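Since this is a predicted model, take the numbers as computed values, not measurements.
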Amino acid sequence: MKKMKLAAIFAGLVSVFTFSSCLNDGDGGPNYDLYEIVTVEEGSIFGGAVLKGDAWGYTYTPVSSSVLAGLKTSDGSYYKRAQVGIKLMEGEVITEGKKSYKVSEVGVMTVLNYKDFNLQPDTLKNDYALVSLEDANNKIWAINGYVNVPFTFKTKEQLSMNDFHLYAVGAKEDTLVTRLRQTKGSDDAYQTGSALISFHMPFNRGEFFEILNNVQPKNDTIVVKVTAKGENDKELVSTVKCSFTNMQGN
């Protein structure tokens, strides 16, 4: 079966800071059927953890719990977001209209940076300018409860994903407006870095819930608008359309 890859997304996953280094480069490993960026969903109706894919909206169910061993953290929980290679169970074939597949092997290549939306933006003290939202390889995308934001920034020091915050600022018709903020750095920074962070939307919590309640989906579609402070007081803006149902699926 012809392999399917998310080449455009994978090309831009290199970051100057990483939640986890590359765990498995795939050399000498199994001949995977697909390469995906996935969300790990625990406690599903299937009775265990399953993978929800970003590219085609597929659900991947492991034939045994050991299949996802590479996605387990030291405390026994699962990483939430990862780039993986997937081998389908023998006899499974990608078929038009079919959205759920059983998998016999999952190879973890990279654990993605992920964190929650900030629910207390009033406590953030700094706002340093970003170089850009998105990059030549990646645009923002939203699915499975995550808004995935690639961006470029400047700094004089090593930063982590905890120095960047995404939060909701309002709603207008079918659009959820959010703000990405860099809180550690320097106005005269000279070192440029790029990153990708998956921000989880807290659907049932506090002010975010109230703002999201004012979004009016059109044919189950909403627009997520990401804004940020740019250099020389330029306003950076990036938008993505996504299925409201799929966004609430995690």
Is the closest basic N to carboxylate O distance between [X] and [Y] below 4.0 Å?
{"X": "D188", "Y": "K156", "answer": "yes"}
{"X": "E235", "Y": "R179", "answer": "yes"}
{"X": "E90", "Y": "K102", "answer": "no"}

Supply the atom-to-atom distance [X] [atom1] to [Y] [atom2], rounded to the nearest 0.5 angstrom.
{"X": "K80", "Y": "N144", "atom1": "NZ", "atom2": "CG", "value": "12.5 Å"}
{"X": "R181", "Y": "D163", "atom1": "CZ", "atom2": "CG", "value": "13.0 Å"}
{"X": "I94", "Y": "K98", "atom1": "CD1", "atom2": "NZ", "value": "8.0 Å"}
{"X": "L236", "Y": "L180", "atom1": "CG", "atom2": "CG", "value": "9.0 Å"}
{"X": "M247", "Y": "I222", "atom1": "CE", "atom2": "CD1", "value": "6.0 Å"}
{"X": "K139", "Y": "L133", "atom1": "NZ", "atom2": "CG", "value": "11.0 Å"}

Between [X] and [Y], is there shared hydrophobic-cluster membership here, with clusters defined by ILVMFWY side-chain heavy atoms closer than 4.5 Å?
{"X": "V177", "Y": "V226", "answer": "no"}
{"X": "I197", "Y": "V131", "answer": "no"}
{"X": "F199", "Y": "L212", "answer": "yes"}
{"X": "I211", "Y": "L124", "answer": "no"}
{"X": "Y167", "Y": "L130", "answer": "no"}

Criterion side chain to side chain contact (heavy atoms under 4.5 Å, CB included) on E36 and L51, from CA distance to verdict: CA-CA 10 Å; E36 269 267 39; L51 304 180; over 6 Å; no

Atom CG of N232: over 12 foreign heavy atoms under 6.0 Å: no

For atom CG of N213, decide whether the heavy atoms of other residues, nucleotides or ligands shown that lie under 6.0 angstrom number more than 12.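 Above 12, so yes.
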
Nearest heavy-atom neighbours spanning [X] and [Y]:
{"X": "V224", "Y": "I140", "answer": "O-CD1, 4.2 Å"}
{"X": "A129", "Y": "G230", "answer": "CB-O, 3.3 Å"}
{"X": "V108", "Y": "L71", "answer": "CG2-CG, 3.7 Å"}
{"X": "A49", "Y": "V40", "answer": "CB-CG1, 4.2 Å"}
{"X": "S198", "Y": "L112", "answer": "OG-CD1, 4.4 Å"}
{"X": "C242", "Y": "A142", "answer": "CB-O, 3.5 Å"}

With side chain to side chain contact (heavy atoms under 4.5 Å, CB included) as the criterion, how do M201 and L176 come out once you've worked through the C-alpha distance, each side chain's angles and the decisive distance to 0.1 Å? CA-CA 11 Å; M201 300 171 73; L176 172 68; 3.5 Å; yes

Identify which one of V106, I86, V67 satisfies the side chain to side chain contact (heavy atoms under 4.5 Å, CB included) criterion when paired with Y60.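 By the side chain to side chain contact (heavy atoms under 4.5 Å, CB included) criterion, Y60 pairs with just one of V106, I86, V67: I86.
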
Are any side-chain N or O atoms of [X] and backbone N or O atoms of [Y], one a donor and one an acceptor, separated by less than 3.5 Å?
{"X": "K99", "Y": "W56", "result": "yes"}
{"X": "T178", "Y": "K225", "result": "yes"}
{"X": "D33", "Y": "L88", "result": "yes"}
{"X": "E134", "Y": "V149", "result": "no"}

Can you tell if the side chain of [X] reaches within under 4.5 Å of the side chain of [Y], non-hydrogen atoms only?
{"X": "D174", "Y": "P217", "result": "no"}
{"X": "K234", "Y": "K229", "result": "no"}
{"X": "Q182", "Y": "K154", "result": "no"}

Measure up the F244 and F203 rings against each other and bin them: parallel (under 30°), tilted (30 to 60°), perpendicular (over 60°).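 Correct class here is perpendicular.
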
Look at the aromatic rings of Y32 and Y35 and report parallel, tilted or perpendicular, splitting at 30° and 60°.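 It falls in the perpendicular class, over 60°.
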
Any side-chain donor near an acceptor of the partner, T155 and Q191, under 3.5 Å: no

Evaluation steps, side-chain hydrogen bond (donor to acceptor under 3.5 Å, both in side chains), between D220 and T245: CA-CA 7 Å; D220 191 45; T245 299; 2.7 Å; yes

With sequence neighbours excluded, give me every salt bridge (charged side-chain N to carboxylate O under 4.0 Å, His left out) pair touching residues 196-219.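 Qualifying pairs: none.
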
Just to verify, what does K241 make a side chain to side chain contact (heavy atoms under 4.5 Å, CB included) with, not counting sequence neighbours? T221, V223

Give me the one residue out of Y114, F117, F151 that meets ring pair (Phe, Tyr, Trp, His ring centres under 6.0 Å) with F164.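 Option passing the ring pair (Phe, Tyr, Trp, His ring centres under 6.0 Å) with F164: F151.
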
Chi angles and distances behind the ring pair (Phe, Tyr, Trp, His ring centres under 6.0 Å) call for Y58, Y101: CA-CA 7 Å; Y58 295 161; Y101 297 91; 5.1 Å; yes

Does anything in residues 115-131 pair up under side chain to side chain donor-acceptor pair (under 3.5 Å), and if so which pairs, sequence neighbours excluded?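 Qualifying pairs, neighbours excluded: N118-H165.
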
Worked check of side chain to side chain contact (heavy atoms under 4.5 Å, CB included) between L119 and F208: CA-CA 7 Å; L119 294 177; F208 181 86; 4.0 Å; yes

